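FYI, side chains are in, hydrogens and waters are out, and symmetry mates aren't considered; it's all heavy atoms of this structure. The residues of the chain are indexed from 1 along the displayed sequence. Treat the numbers as computed from the prediction; the structure is a model and nothing was measured.
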Amino acid sequence: CDIIGFIQMGPDKQKYSEKKKKAWKIFDRIYKRYDLLNHVLSFGIDFRWRKKLSKLLKKQEGQYLLDLAAGTGDVIFSLLKHSPYIRRAVGLDMSFNMLGYGREKSKKNGHKNRADFIQGDANRIPAKNGKFDVATMAFGIRNVPDPEVALRDIGRVLKKGGTLLILEFSLPENKILKRLHLFYLRYFVPLMGKIISGDVEAYRYLNKTIEDFPYGEAFLKLMENSGFKDCEGFPLTFGAVTIYRGYR
């Protein structure tokens, strides 16, 4: 990874909050069923969400991508498939098991020479300043102990003018849809999580993080406070998820 300026340093485990410890350990447990659950719980729409990210990239050749909370690599593989502008990608995640699964998928997908997977903390990114053209994070920012700290560190590793794309769960503005969505999150998601992964605790925890996390204008303000410019949100699927874009 020297070509993109990575500093080889391990995660600072002593500084993890209890929430962070719990989050990445959950993903270490459910990694084998994680992709399947994403597809089932989103009714297959997650493919469209990731494809939409590629439409929001700058039309600039040879971009270097950093994908945070990369998990099994679905965002990376989608961007490599749908965008001609990504030259090489690095996935960063705390979960050793998720990363291992991502490496296996990378070999099968023929992306071994274009994608690297490294264990690391989004609050303490092991990379030098200004090394990436674009940073992405899908369904991970709500699991970091301090989102603003993570956003500032992302800004540090992005080049001036670099793009940040955050794909995250949100809640519909329509009151009826919001109630239906909350019912889905509180009851259907844990049930399906238990059936498919055998881990009901994991999906009860994850749905609570969705309800507690700021979204819409509140998250755009957080991005602006962290140093990003021209921030805007793109709600998808009636507001169930939102893509946030900002520039360094």
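- Looking at Thr136, its side chain never comes within 3.5 Å of a backbone N or O of Leu165 through a donor-acceptor pair.
- At least one donor-acceptor pair under 3.5 Å links the side chain of Arg114 to the backbone N or O of Ile86.
- Every residue meeting the salt bridge (charged side-chain N to carboxylate O under 4.0 Å, His left out) condition with Arg186, not counting sequence neighbours, appears here in chain and number order: Glu211.
- Residues Phe188 and Val241 share a single hydrophobic cluster, defined by chaining ILVMFWY side chains whose heavy atoms lie under 4.5 Å apart.
- Once rounded to the nearest 0.5 Å, the distance linking CZ of Arg103 with CZ of Phe117 reads 8.0 Å.
- One hydrophobic cluster, built from ILVMFWY side chains closer than 4.5 Å, cannot hold both Phe47 and Ile243; they sit in different ones.
- Side-chain atoms of Leu191 and Ile195, non-hydrogen and from C-beta on, do get closer than 4.5 Å to each other.
- Taking Arg152 as the reference, Glu148 meet the salt bridge (charged side-chain N to carboxylate O under 4.0 Å, His left out) condition, with sequence neighbours excluded.
- Ring geometry, Phe169 versus Trp49: the interplanar angle exceeds 60°, so the pair is classed perpendicular (tilted spans 30 to 60°).
- No donor-acceptor pair closer than 3.5 Å links the side chain of Ser106 to the backbone N or O of Gly102.
- Side-chain contact check for Leu164 versus Leu151: some heavy-atom pair is nearer than 4.5 Å.
- Among residues at least two apart or in separate chains, there is no salt bridge (Lys or Arg N to Asp or Glu O under 4.0 Å) pair with a member in residues 51-64.
- Put simply, the side chain of Phe139 does not reach to within 4.5 Å of the side chain of Asp46, judged on heavy atoms.
- Side-chain contact between Leu79 and Leu57: present, with at least one pair of heavy atoms (C-beta onward) separated by less than 4.5 Å.
- Of the possible polar contacts, none joining the Asp116 side chain to the Val90 backbone as a donor-acceptor pair under 3.5 Å is found.
- Of all the heavy atoms in Arg142 and Ile210, the pair that sits closest is NE-CG1, 3.5 Å.
- Note: Leu53 CG to Leu167 CG = 5.5 Å, rounded to the nearest 0.5 Å.
- Between Thr72 and Phe77, the shortest heavy-atom distance links the atoms O-CE1, 3.4 Å.
- The closest donor-acceptor contact from the side chain of Ser42 to the backbone of Asn38 lies under 3.5 Å.
- A distance of 5.5 Å separates CG of Asn174 from CD1 of Ile176, quoted to the nearest 0.5 Å.
- Arg248 contributes a side-chain N or O that, together with a main-chain N or O of Gly155, makes up a donor-acceptor pair within less than 3.5 Å.
- Phe183 shares a hydrophobic cluster with Tyr187; the chain of contacts runs through ILVMFWY side chains whose heavy atoms sit under 4.5 Å apart.
- Atoms NZ and NZ, from Lys131 and Lys128 in turn, are 6.0 Å apart once rounded to the nearest 0.5 Å.
- One N or O on the side chain of Arg156 and one on the backbone of Ala127 form a donor-acceptor pair closer than 3.5 Å.
- Between Thr163 and Tyr247, the shortest heavy-atom contact is OG1-CE2, 3.5 Å.
- Here the straight-line distance linking atom CG of Leu92 with atom CD1 of Ile125 works out to 7.0 Å at 0.5 Å rounding.
- Residues Leu171 and Tyr215 form a side-chain contact, since some pair of their non-hydrogen atoms from C-beta on lies under 4.5 Å apart.
- Atom SG in Cys231 sits 10.5 Å away from atom CD in Glu217 (nearest 0.5 Å).
- The number of heavy atoms from other shown groups lying within 6.0 Å of NZ (Lys105) is above 12.
- The shortest heavy-atom contact between Ala115 and Ile76 is CB-CG2, 4.0 Å.
- Taken together through direct or relayed side-chain contacts under 4.5 Å among Ile, Leu, Val, Met, Phe, Trp and Tyr, Leu41 and Ile45 form part of one hydrophobic cluster.
- Between Gly233 and Tyr244, the shortest heavy-atom contact is CA-CD2, 4.2 Å.
- The closest side-chain heavy-atom distance from Met94 to Val144 is not below 4.5 Å.
- Both Phe43 and Ile196 sit in one connected hydrophobic cluster of ILVMFWY residues. Membership requires side-chain heavy atoms under 4.5 Å apart, directly or through other members.
- Between the Tyr101 side chain and the Phe96 main chain, no donor and acceptor come within less than 3.5 Å of each other.
- Using bins of under 30°, 30° to 60° and over 60° for the plane-to-plane angle, the ring pair Phe219/Phe213 lands in the tilted bin.
- Lys221 has its side chain within reach of Glu224: a pair of non-hydrogen atoms, C-beta onward, lies under 4.5 Å apart.
- In the hydrophobic cluster analysis, where Ile, Leu, Val, Met, Phe, Trp and Tyr join through side-chain heavy atoms closer than 4.5 angstrom, Leu182 is grouped together with Tyr184.
- In plain terms, the two heavy atoms of Ser197 and Leu37 that are nearest each other are CB-CD1, 3.6 Å.
- Of the possible polar contacts, none joining the Asp93 side chain to the Leu99 backbone as a donor-acceptor pair under 3.5 Å is found.
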Verify side chain to side chain contact (heavy atoms under 4.5 Å, CB included) between Asp74 and His39, making sure each step is shown before the conclusion. CA-CA 11 Å; Asp74 274 353; His39 306 329; 4.1 Å; yes
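- Judged as a salt bridge (charged side-chain N to carboxylate O under 4.0 Å, His left out), and not counting sequence neighbours, the contacts of Arg245 are Glu232.
- In this view, Glu173 satisfies the salt bridge (charged side-chain N to carboxylate O under 4.0 Å, His left out) rule with no residue, not counting sequence neighbours.
- The closest donor-acceptor contact from the side chain of Asp67 to the backbone of Gly91 lies at 3.5 Å or more, if one exists at all.
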